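Reviewing the structure listed below.
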Amino acid sequence: MTPLPDRVAALAAAALDAPVDDVRALLAPPRDRGRADLALPCFQIAKRRGANPVEVARAAAAAIAVAPPLAEVEAAGPYLNFTFEAGAIAEEVVGGAIAADAGYGTSDEGAGKTVVVDFSSPNIAKPFGIHHLRSTVIGAAIGRVLRARGYAVEGVNHLGDWGTQFGQLIVAYRRWGDERRLDGEGIPYLLELYVRFNEEKEAAPELQDEARAAFRALEAGDADCRALWARFKEVSEAEFRRVYDILGVTFEHFTGESFYEDKMPEVLAELEASGLLEQSDDATVVNLEDDGLGVSLVKKGDDSTLYVTRDLAAAIHRHRTFGFHKALYVVGAAQSLHFKQLFRILEKLGKPFAGDMVHVPFGLLRFKDGKMSTRQGKVIFLEEVLDRAVELARKIIEEKNPDLSDRDRVARQVGIGAVVFNDLKSRRVKDVTFDWDEVLSFEGDTGPYLQYTHARCANIFRKAGRAPEERAADVDYGRLELEPERELIRVIGQLGDHVRRAAEEYEPSIVAQYLLSTAARFNRFYNDDRCRVVGADPETREARLALVRATQITLRNGLALLGLEAPDEM
RNA sequence: GCGCCCGUAGCUCAGUUGGAUAGAGCAUCGGUUUCCUAAACCGAAGGCCACAGGUUCGAAUCCUGUCGGGCGUACCA
């Protein structure tokens, strides 16, 4: 059956003598106040024919025959408002959501297309800090949203496992390292060495030269340096995998920067052949001054490589391997220039896919008193944050629902949900200031609020003595006619639109905000005495159970896109 | 200096791609539980949408400029 908005667009287009597509594009749910389900602003259409929009709306309203599924067509000033019969819209939205179930909100518009998502990408030998959560959680959510739109997604963890910093670490370890402490303490010990190196470097600048030499040796294949590097990497990956398990984040590929080591000579040769390389102060650069992008250093004075060199190799390799539709880089906004340079160089190399590469930036995580700095040891370990959140969730459960059978599991779901949601709820470009109170908040616009709302839905089914999956044969959707019900139905009907926008804009917060408004609508319904489910007459009860089920599906699917679990009880 | 990003309630943020009277959460004050979990709900208070111009029937949204903040600006990533 044709979706209701399309049918309205057809009716309105006929009455207005305007193209259906134009009308369909203008048709939108009105802002909260109105009662109508859809509204059509008539300004543009009126202007095109030099008429008064108020007149146009009034004439159109008179010309449209009000027949099911429409209950009312009204001209409100320059707007044309449409209201559906309660049963028609409820059947389409609620019935549709229940029928689609896990598929509700998805689409196949990306079928046959592959998107590569480069995200998380922490640096080896450094702790997985709270600041890595941003790329990890945002990138993972973008990947899930794209999959929901039908795209094939290749998630790549571009581990920072190559570069001068390993020269630094090798130097630090050779000078001050202690085998037993490395064995026993792992990453925190490596962090200690890294911090010490950066402190001592202040007084002894020659240390930096030593570090560059060590990295050069590493790149040249020096056995000793290799062994140390492999050791650092092994210690780090163990910790990272633990964190990813906790967050439920997976990758198709764990190809770090070192993976491209043997692929860089080819790129450098291609750059050379294209005449893009210049010598400048001993270094090898690509000059992008004409594009207003400065110069990009592809090789240092000592011939060792840089970040951009590896990213060029990675981009070419990825296109060769995946033939991607888009390649996304979920990396902090601070690296905007780097990506502009990278994409521009690919363009200059004549790579046809250069235009399909997208930097998806996000804002900096900062402390109240300034920037987070690994070099100074100013980091908050992600695991500490998660542990505290889970601990607090456990405490709250013991207070509010001490009989809950699955306490540990739910505490984990809720605690982690709070931390993850907190990072996804605002537009990603905004800088965020780390605040324990905010991260550990479970009330208001939070993940636990959404999870709690979902649990309420599940609880209604328990109270009704019904399995949520069980479907009544006949539901009289016309019973859903009270205002709180109608508003809940309207919002449920918009999941797919919001998933689409989130995919188009690579913006998980669109889903997060949508879920908050869905939960708010449901809770209003839930708290309204007129809308009680279990005590209602049999017909109304069935209809409301269907509405609760549709809400539950919407919340559960949306939470899943963000990487949050949806417990049935908490 | 130049480039990119941000500026909406005391604080943290939404604002459906330019539409109707700018909305939430937190904090403050007041209320709701013999009734499906109060991690909730209802109400009060809180606004020069940084500022100034411009485009438009219409601007928080688009353009220009100013101010404020953040980030970046070659041998780190």
Side-chain angles (χ1 to χ4, degrees), chain A residues 26 28-34 39 41 43-44 46-47 52-53 76-79 81 121 123 160 162-165 168 208 211-212 257 280-285 292-302 304 306-308 310 331-338 340 361 363-364 366 371 375 393 396-397 399-401 414 418 425-427 429-433 435 437-438 441-446 448-453 455-457 459-464 494 497-498 501 504-505 509-510 512-514 516-517 519-520 523-524 526-529 531-535 544 548 569-570:
Chain A
L26 286 168
R31 297 178 103 104
D32 299 354
R33 305 245 192 270
F43 302 97
Q44 287 177 23
K47 193 182 180 188
N52 179 339
Y79 289 85
N81 287 343
S121 311
N123 288 325
W162 209 241
T164 307
Q165 52 173 320
Q168 297 178 334
Q208 184 66 13
R212 285 195 197 110
E257 291 188 74
S280 172
D281 294 343
D282 274 358
T284 309
V285 305
L293 295 175
V295 294
S296 180
L297 241 167
V298 297
K299 241 163 65 172
K300 294 190 265 194
D302 64 5
S304 62
L306 284 133
Y307 189 28
V308 74
R310 295 185 279 280
V331 180
Q335 291 179 49
S336 292
L337 179 60
H338 165 75
K340 278 183 188 157
L364 194 71
R366 40 192 15 258
K371 197 175 165 179
R375 264 186 288 229
I396 293 174
I397 289 169
E399 229 170 76
K400 297 184 187 259
N401 196 358
V414 172
K425 72 176 172 187
S426 310
R427 298 204 83 100
V429 290
K430 302 235 181 196
D431 287 352
V432 296
T433 301
D435 180 347
D437 289 343
E438 212 174 288
S441 163
F442 292 8
E443 286 167 24
D445 288 348
T446 65
Y449 169 67
L450 298 175
Q451 292 169 318
Y452 180 72
T453 306
R456 273 185 155 174
C457 293
N459 196 47
I460 288 176
F461 281 97
R462 276 193 295 278
K463 283 283 147 85
Q494 291 165 18
D497 281 345
H498 286 88
R501 282 189 55 219
E504 284 169 2
E505 297 177 30
S509 71
I510 289 173
Q513 293 292 332
Y514 165 75
L516 288 172
S517 61
N523 284 312
R524 206 174 289 176
Y526 182 90
N527 274 284
D528 194 314
D529 285 337
C531 297
R532 302 196 64 81
V533 178
V534 177
R544 286 184 181 155
V548 172
E569 213 177 337
M570 60 188 268

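None of the values given here were measured: they were computed from a predicted structure.
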Exercise. Once you round it to whole Å, what is the distance between P of B:C36 and CG of A:D528?
Worked result: 15 Å
For this session: May I ask which nucleotide in the shown strands pairs with B:A52, Watson-Crick or G-U wobble, both distances under 3.5 Å?
Result: B:U64
Exercise. Is there a donor on the side chain of A:S280 or the base of B:A74 sitting less than 3.5 Å from an acceptor on the other?
Worked result: yes
Problem set entry | Minimal non-hydrogen separation, A:N123 against A:G160, with atom names | OD1-CA, 3.4 Å
Exercise. Out of B:C36, B:C75, B:G25, which nucleotide sits closest to the side chain of A:D445?
Worked result: B:G25
For this session: Please figure out whether A:W162 or A:V534 has its closest RNA chain B nucleotide nearer the 5' end.
Result: A:V534
For this session: Go through the N and O atoms of the side chain of A:N81 and the base of B:A20, and report whether any donor-acceptor pair is under 3.5 Å.
Result: yes
For this session: For B:A45, give its Watson-Crick or G-U wobble partner with both distances under 3.5 Å, or none.
Result: none
Exercise. Between B:U17, B:A40, B:A20, which nucleotide has the shortest distance from any of its atoms to the side chain of A:E443?
Worked result: B:A40
For this session: Starting from P on B:C35, measure out to CZ on A:R532 and report it in whole angstrom.
Result: 9 Å
Exercise. Between A:K425 and A:A512, which heavy-atom pair has the shortest distance, and what is it?
Worked result: CA-CB, 3.8 Å
For this session: Establish, from distance only, whether the side-chain atoms of A:D302 and A:S304 form a donor-acceptor pair under 3.5 Å.
Result: yes
For this session: Report the distance from atom CG of A:L364 to atom P of B:G69, rounded to the nearest whole Å.
Result: 17 Å
Exercise. What does B:G3 pair with, Watson-Crick or G-U, if both distances are under 3.5 Å?
Worked result: B:C71
Exercise. Between A:R427 (CZ) and B:C5 (C1'), how many Å, whole number?
Worked result: 14 Å
Exercise. Rounded to whole angstroms, how far apart are NZ on A:K430 and C1' on B:C4?
Worked result: 16 Å
Exercise. Where the side chain of A:E438 is defined as all heavy atoms beyond and including C-beta, which of B:U73, B:U16, B:U12 is the nearest nucleotide?
Worked result: B:U12
For this session: Using modelled atom types only, decide if a donor and an acceptor are shared between the side chain of A:R544 and the backbone of A:R532 within a distance under 3.5 Å.
Result: yes
Problem set entry | Pair partner, B:A40 [Watson-Crick or wobble, under 3.5 Å] | B:U32
Exercise. Counting any heavy atom closer than 4.0 Å, what does A:Q451 reach on the DNA or RNA strands: base, sugar-phosphate only, or nothing?
Worked result: nothing
Exercise. What's the closest nucleotide to the A:D529 side chain, out of B:A74, B:C41, B:C35?
Worked result: B:C35
Exercise. Looking only at side-chain N and O atoms, does A:T164 come under 4.0 Å of OP1 or OP2 in B:C76?
Worked result: yes
For this session: Could you tell me whether the phosphate oxygens of B:C71, OP1 or OP2, come under 4.0 Å of any side-chain nitrogen or oxygen in A:R366?
Result: yes
Exercise. On a whole-Å scale, what distance lies between the C1' atoms belonging to B:U34 and B:A38?
Worked result: 16 Å
For this session: Go through B:A77, B:C6, B:A74 for me and flag the one nearest to the A:Q165 side chain.
Result: B:A77
Problem set entry | Spacing of the C1' atoms in B:A40 and B:U56 (rounded, Å) | 44 Å
Problem set entry | Complementary nucleotide for B:A24 - Watson-Crick or wobble, under 3.5 Å | B:U12
For this session: Check whether any side-chain N or O of A:S441 sits under 3.5 Å from a backbone N or O of A:D437 as a donor-acceptor pair, and report yes or no.
Result: no
Seminar exercise, completed: The nucleotide from B:A40, B:G72, B:A74 with an atom nearest the side chain of A:N527 is B:A40
Exercise. What are the two closest heavy atoms between A:P78 and A:F43, and how far apart are they?
Worked result: CG-CZ, 3.5 Å
For this session: Find the partner of B:G58: check Watson-Crick (N1-N3 plus N6-O4 or O6-N4) and G-U wobble (N1-O2, O6-N3) distances, both under 3.5 Å, and reply none if neither fits.
Result: none
For this session: For the side chain of A:L306, starting at C-beta, report the closest nucleotide among B:C5, B:C76, B:C41.
Result: B:C76
Exercise. With respect to the phosphate group of B:G58, does any side-chain polar atom (N or O) of A:K47 fall under 4.0 Å of OP1 or OP2?
Worked result: no
For this session: Rounded to the nearest angstrom, tell me the gap between atom CG in A:L450 and atom C1' in B:A14.
Result: 14 Å
Problem set entry | Interatomic distance where CG belongs to A:D435 and P belongs to B:C26 [whole Å] | 15 Å
Problem set entry | Short side-chain N/O contact from A:R310 to OP1 or OP2 of B:A77, under 4.0 Å | yes
Seminar exercise, completed: Looking only at heavy atoms, the pair that brings A:R462 and A:A455 closest together is NH2-O, 4.2 Å
Exercise. Under 4.0 Å between a side-chain N or O of A:Q208 and OP1 or OP2 of B:C76?
Worked result: yes
Exercise. Between A:R524 and B:C42, is there a side-chain N or O to OP1/OP2 distance below 4.0 Å?
Worked result: yes
Exercise. Would you say a side-chain N or O of A:Y449 is under 4.0 Å from OP1 or OP2 of B:A24?
Worked result: no
Seminar exercise, completed: The nucleotide from B:C76, B:A74, B:A77 with an atom nearest the side chain of A:Y307 is B:A77
Problem set entry | Euclidean distance, atom CD of residue A:Q335 to atom C1' of B:U73 [Å, nearest integer] | 14 Å
Seminar exercise, completed: Shortest non-hydrogen pair, A:L297 vs A:L306, comes out as O-CD1, 3.5 Å
Seminar exercise, completed: Of A:N123 and A:A520, the one whose nearest nucleotide on RNA chain B sits closer to the 5' end is A:A520
Exercise. How should the glycosidic conformation of B:U73 be described, syn or anti, under the criterion that syn lies within 90° of 0?
Worked result: anti
Problem set entry | Distance between P atoms of B:A59 and B:C49 (Å, rounded) | 13 Å
Exercise. Which base sits across from B:G18 as a Watson-Crick or G-U pair, both distances under 3.5 Å?
Worked result: none
For this session: Looking only at side-chain atoms of A:P29, point me to the closest of B:A74, B:U16, B:C4.
Result: B:U16
Seminar exercise, completed: Among the nucleotides B:C36, B:A40, B:U16, whichever has the atom closest to the side chain of A:I460 is B:C36
